[in-house]
Engineer: 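My questions will all concern the structure given below.
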Protein chains: 2
Amino acid sequence: MAVYKLTYFNFPALAEPIRFLLSYLEIDFEDFRFEREQWPSIKPTMPFGKVPVLEIDGKALNQSVAISRYLSKKAGLAGSDEWESLLIDIAVDNVNDLREALALSAFDPNEESKAKKYVTLINETIPLYLNKFENTVGENNGYFVNGKLSLADIHFVALLDFLSFLAKVDLIEGRPILQAHKKKILDIPQIKSYMAKRPAFSIK
Amino acid sequence: MAVYKLTYFNFPALAEPIRFLLSYLEIDFEDFRFEREQWPSIKPTMPFGKVPVLEIDGKALNQSVAISRYLSKKAGLAGSDEWESLLIDIAVDNVNDLREALALSAFDPNEESKAKKYVTLINETIPLYLNKFENTVGENNGYFVNGKLSLADIHFVALLDFLSFLAKVDLIEGRPILQAHKKKILDIPQIKSYMAKRPAFSIK
């Protein structure tokens with residue numbers, strides 16, 4: 001059996017879709033979580049100096065979305081044909097675009113431009129993306145693509161708390177379809193079991 | 001036969017991998033290129049207000065990398081098994097990470113932080129990524145993954161001029177393996193034919 005080791009900070013963020021998928025697949029993995037002060041010594045050992053990194057039998061893999069897609073294929077969550085896979089990949093990357101927009105404001109060191117970006121986020125970007133997601137899931141029988149569980153659903157829900165943290169608002173507040181969607185994903189037995197044993201963390 | 005229409009600005013950038021792949025596949029497509037002054041009227045008609053968008057039989061698809069992956073499957077360039085597909089996806093997203101780092105400096109409206117980011121790019125980010133790419137292609141018989149043509153090669157070469165434009169340096173100067181790689185991709189007959197008839201453009 002292959003040996004899996006996931007290296008990331010002790011918080012959900014970019015690693016969480018991978019943790020959800022490994023849990024969904026019931027793959028035993030070393031969930032190696034380091035503290036911020038360890039990062040300078042770990043960074044030079046990682047491909048391209050970034051995490052998360054998943055090692056499979058000692059082979060270090062970077063790029064969280066590529067890893068999630070790979071795992072989702074093993075889980076039968078990557079689409080049943082090329083067209084469905086395309087729709088799933090688009091949904092995943094739309095979530096990533098929202099994440100990038102949120103991060104560009106949240107991590108902007110310049111207070112003036114940060115505030116300006118935040119106004120655009122609250123008034124334009126967040127309503128645009130979240131309303132579209134709400135409609136999409138509503139039109140697709142409670143899932144992002146074609147009325148069935150896929151990587152897109154896992155990716156969105158695994159990242160959601162991080163996205164709301166970056167946005168400084170609960171992104172699904174007032175959006176009942178996405179609230180029900182989140183609950184449904186978190187009620188998947190393997191994910192529920194992972195969440196129950198997930199280590200405590202604080203994001204600062 | 002399906003009808004393809006690609007909508008983007010009249011320059012290569014994010015649309016170019018899609019144009020390369022459609023050309024490689026010898027798919028006839030409408031290469032709809034608009035000028036900057038048309039963008040405000042086109043933007044509201046695009047999913048999530050962004051381009052490139054590829055319409056296939058009237059179905060509008062956003063997310064350039066997802067589209068490229070879909071087309072690369074049709075071209076047999078997306079990997080021959082799940083592991084190879086993973087390595088290709090990682091290589092593509094590493095190129096995208098470089099693109100994002102370059103764009104964050106190039107499009108920073110604050111001259112002070114822009115200059116600071118540019119110093120990091122020139123001294124750290126560009127050597128890190130380009131040296132790794134040079135080594136990777138050297139170790140893989142002239143391609144990014146497993147010694148054969150894949151989406152990763154098309155993606156990199158199609159974006160390369162844009163990346164060098166953002167970086168304000170020729171990224172492959174002094175990197176003979178990547179120079180030979182670029183030449184090899186541009187010498188693929190269908191891509192050579194596309195490049196020969198590509199409309200004139202200017203990036204400002």
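Within every chain, numbering begins at 1; the chains are lettered A, B, ... in the order of the sequence lines, protein sequences first and strands thereafter. Only a predicted model underlies this, so the values are computations on that prediction, with no experimental measurement involved.
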Engineer: Let me know if B:I88 has heavy atoms under 4.5 Å from chain A in its side chain, its backbone, both or neither.
Structural biologist: neither

Engineer: Please name the pair of heavy atoms, one in A:L86 and one in B:A66, separated by the smallest distance, quoted to 0.1 Å.
Structural biologist: CD1-O, 3.4 Å

Engineer: Who are the side-chain contact (heavy atoms from CB on, under 4.5 Å) partners of A:A106, not counting sequence neighbours?
Structural biologist: A:L166

Engineer: Would you enumerate the inter-chain donor-acceptor pairs between chain A and chain B whose distance is below 3.5 Å?
Structural biologist:
from: A:K50; atom 1: NZ; to: B:D97; atom 2: OD2; distance (Å): 3.3
from: A:N62; atom 1: ND2; to: B:N94; atom 2: OD1; distance (Å): 2.9
from: A:Q63; atom 1: NE2; to: B:D93; atom 2: O; distance (Å): 3.2
from: A:Q63; atom 1: NE2; to: B:N94; atom 2: OD1; distance (Å): 2.8
from: A:Q63; atom 1: NE2; to: B:D97; atom 2: OD2; distance (Å): 3.0
from: A:R69; atom 1: NH1; to: B:D89; atom 2: OD2; distance (Å): 2.7
from: A:D89; atom 1: OD2; to: B:R69; atom 2: NH1; distance (Å): 2.7
from: A:D93; atom 1: O; to: B:Q63; atom 2: NE2; distance (Å): 3.2
from: A:N94; atom 1: OD1; to: B:N62; atom 2: ND2; distance (Å): 2.8
from: A:N94; atom 1: OD1; to: B:Q63; atom 2: NE2; distance (Å): 2.8
from: A:D97; atom 1: OD2; to: B:K50; atom 2: NZ; distance (Å): 3.3
from: A:D97; atom 1: OD2; to: B:Q63; atom 2: NE2; distance (Å): 3.0

